[in-house]
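Before any comments, here is the structure.
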Amino acid sequence: MSDINKNLQSLWKNQTTQIGDIDVELVKKNSLKFERTIMFRNLREAAAGIFVAVMFTKTGLEQESLFKQIVNYEIALAGIFVSIYMYYFSIKNRVQEDGSSTLEYIEKYKKSLKAQIKLLGSVRYWYVLPIAAGLFTLHGYDIYQAIKGNENITYLLLSLGFCLTISLFVIWLNEYKGVRYLKEELDSLN
Amino acid sequence: MTIEIFDEINKTYSGPIKRICSGYEFNEQKAQELYQEVMTSIWQSLSNFRNECSLKTWSYRVAYNKCITHTIKESKKNEVSLSSIEDIEHLISSGEFDKSIENKNLLKRVQAILKSTKPIDKEIFLLYLEGESGKDIAAISGLTESNISTKISRVKKIISSIMEDENE
């Protein structure tokens, strides 16, 4: 059996692979590209938060009603909170191939996946709720005022339905699709 | 200093690292991409190298870590189910292993087995094929030497079975 194994080891080590060599310049370029991808992803998330914050702060400033001003500022703060929370999470849970033994690496990877599952599984609380609560309150207030003034509420109802659909879609996408995807990854490591 | 260490890895261990990549990715184009990703990971992680283990052990660890991440993503994409060495040994001995590995050369048969093997068991299989000692495999994988020894005896049985099949 020992000869058989030695023959196979020799065959394996002498196989010709079509994989070409790599030099340090290409590695540096790839590394830079990878860092840029991470940076742009973080910038994109920050930009979304800033956009929400700026838009609702501006709208809040334009409101005559103090109640509507406060609700708009709450949505603006929620946008900033969501961006910061996601950024903090991605930094804290990033798993790098740092030279840990395979078992240690798998444990770190599993820990990160579990944290991501927890994060996505609770999207309704930390993502949807802070923003949707403000949006629904604004709609509720506008609908109440419109009914009081005998105005048409069709547009407001459509807008409320749109917000509700988006909120439910975000919850479904993360808590169902996203969590299922990550759980499959976790299962393949067990 | 970083460049010198990287050059040493590139010069001394590029052969085994390429074989690691081709053991995890069987499509040549994808294996080439995986190799580039592995070498990029090694470059990015060099600041973590603190001489706590040999340069070979450290670079193999980074390479396997990257390949494991790759396998998880790819197996999910291709909906491939992966088995442990124990399960594969059982499947081969009972003749239930994928019939498609018949009538191919030995390396193709080994590849067919590697394709269905769970990442950490695949690592042990590949390190054994590289002729690494149980002690070195334990240092790279983090498993105990006795665990490695049990798994290697199963790998040997698998190899004997597929070589017997070839001789029949």
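Lettering of chains follows the sequences in order, A, B, ..., and the numbering in each one begins at 1.
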Original post:
Using non-hydrogen atoms only, which part of B:Val38 is less than 4.5 Å away from chain A: side chain, backbone, both, or neither?
Top reply: neither
Original post:
For the candidates A:Leu11, A:Ile19, A:Val27, which exhibits the highest count of non-hydrogen atom pairs separated by less than 4.5 Å from chain B?
Top reply: A:Ile19
Original post:
With no hydrogens and no angle check, do the side chains of B:Glu123 and A:Thr102 hold a donor and an acceptor under 3.5 Å apart?
Top reply: yes
Original post:
According to the interplanar angle, ranging from 0 to 90°, do the rings of A:Phe67 and A:Tyr141 count as parallel (below 30°), tilted (30 to 60°) or perpendicular (above 60°)?
Top reply: tilted
**OP:** Name the option with the most non-hydrogen atom pairs under 4.5 Å to chain B; the candidates are A:Lys13, A:Gln15, A:Gln18.
**Re:** A:Lys13
**OP:** Could you tell me whether the side chain of B:Trp43 reaches within less than 4.5 Å of the side chain of A:Val24, counting heavy atoms only?
**Re:** yes
**OP:** Pick one of side chain, backbone, both or neither for B:Ala139, based on which atoms fall under 4.5 Å of a heavy atom in chain A.
**Re:** backbone
Original post:
Most heavy-atom pairs under 4.5 angstrom with chain B, which of A:Leu8, A:Asp23, A:Thr17?
Top reply: A:Leu8
Original post:
When you check the side-chain N and O atoms of B:Asn147 and B:Thr150, is any donor under 3.5 Å from an acceptor?
Top reply: no
Original post:
Is A:Lys68 salt-bridged to A:Asp142, cutoff N-O under 4.0 Å?
Top reply: yes
Subject >> Contact origin within B:Gln36 toward chain A - heavy atom pairs under 4.5 Å >> reply: both
Original post:
Picking from B:Ile159, B:Ile42, B:Leu129, which has the most non-hydrogen pairs under 4.5 angstrom with chain A?
Top reply: B:Leu129
Subject >> Side-chain donor-acceptor contact under 3.5 Å, B:His70 with B:Glu25 >> reply: yes
Original post:
Where the side chain of A:Gln9 meets the backbone of B:Tyr128, is there a donor-acceptor pair that is under 3.5 Å apart?
Top reply: yes
Original post:
Is it true that atom CZ of B:Phe6 has more than 12 heavy atoms of other residues, nucleotides or ligands lying nearer than 6.0 Å?
Top reply: yes
**OP:** Below 4.5 Å from any heavy atom of chain A, which atoms of B:Ile68 appear? Answer side chain, backbone, both or neither.
**Re:** side chain
Original post:
Any idea which of B:Ile3, B:Asn48, B:Ile72 has the most non-hydrogen atom pairs under 4.5 angstrom with chain A?
Top reply: B:Ile72
**OP:** Classify the angle between the aromatic ring planes of A:Tyr109 and A:Tyr105 as parallel (below 30°), tilted (30 to 60°) or perpendicular (above 60°).
**Re:** tilted
**OP:** Please look at A:Tyr181 and chain B and tell me whether the side chain, the backbone, both or neither of the residue comes under 4.5 angstrom of a heavy atom of that chain.
**Re:** both
Subject >> Partner chain A: residue of B:Asp7, B:Val62, B:Leu46 with the largest heavy-atom pair count (under 4.5 Å) >> reply: B:Val62
Subject >> Option in B:Leu143, B:Thr69, B:Asn65 with maximal non-hydrogen atom pairs under 4.5 Å from chain A >> reply: B:Asn65
**OP:** Please state whether the side chain, the backbone, both or neither of A:Asp187 comes within less than 4.5 Å of a heavy atom of chain B.
**Re:** neither
Subject >> Proximity breakdown for A:Ser31 and chain B, heavy-atom pairs closer than 4.5 Å >> reply: both
